[in-house]
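Report on one structure; see the data block that follows.
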Amino acid sequence: MIAPGLPTPFAEDVLDVVASIPPGSAASYGDVARRVGRGGPRQVGTTLSRYGSGVPWWRVVRADGSPAPVLADEALRRLAAEGAPLAADGARVDLRRARPWPDPALSDPGG
DNA sequence: GCAATGACTGGTA
DNA sequence: TTACCAGCCATTG
């Protein structure tokens, strides 16, 4: 039971990774694509748009921490409700602290 | 098989 | 920090 219709093998991996993101955390499309090891950030977004109806898609945002314009309202509400580290703008997520897969190369050297 | 589309990303000014 | 451009790759018609 993966998703409605027939998601491609690539989509299955994407959905699996997104579903692996714990509540209160968030990751970027690029991060998910890297976890999948195939395709790119655009494929992750396109896949979620078609099969993301069964995964916490709101935990996936752009590289700058802001969700897509068609999700900004919904995603930000879900993230704030889960206690995700939002930025001072309240319209972005602090991936630096929300990232479920901390990268030593992306860690904040000053923080 | 070809061309077009898309919930993106990184570098430069 | 904000804005513009080119690259990337799977899915769709």
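A note on names: the letters A, B, ... follow the listed sequences, proteins ahead of strands, and every chain is numbered from 1. Quick caveat, the model's predicted, so the values are computed rather than measured.
Remark: A/R78 pairs with A/W58, A/E74 by the side chain to side chain contact (heavy atoms under 4.5 Å, CB included) rule, at least two apart or across chains. Residues satisfying the side chain to side chain contact (heavy atoms under 4.5 Å, CB included) criterion with A/R77, sequence neighbours excluded, are absent altogether. Residues passing the side chain to side chain contact (heavy atoms under 4.5 Å, CB included) test with A/A87 are A/D89, A/R92, sequence neighbours excluded. Under the rule for a side chain to side chain contact (heavy atoms under 4.5 Å, CB included), A/P9 has no partner lying at least two apart in sequence or in another chain.
With a 4.5 Å cut-off on side-chain heavy atoms, A/L48 and A/L15 count as touching. Side-chain contact check for A/R59 versus A/V18: every heavy-atom pair is 4.5 Å or farther apart.
The two residues A/W101 and A/A27 come nearest to each other via the heavy atoms CZ3-CB, 3.6 Å.
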Identify all pairs in which a protein N or O lies below 3.5 Å from an N or O of nucleotides 10-13 of chain C, and state each distance.
unit_1: C/dT11; atom_1: OP1; unit_2: A/T8; atom_2: OG1; d: 2.1
unit_1: C/dT12; atom_1: OP1; unit_2: A/R50; atom_2: NE; d: 3.1

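Read 5' to 3', the first and last nucleotides of DNA chain B with an atom closer than 4.0 Å to a heavy atom of chain A are B/dG6 to B/dG10.
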Show your working on side chain to side chain contact (heavy atoms under 4.5 Å, CB included) between A/Y51 and A/V14 and close with a plain yes or no. CA-CA 9 Å; A/Y51 308 106; A/V14 173; over 6 Å; no
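In this structure, A/R62 reaches the sugar-phosphate backbone alone: every heavy-atom distance under 4.0 Å involves primed, P, OP1 or OP2 atoms, never a base.
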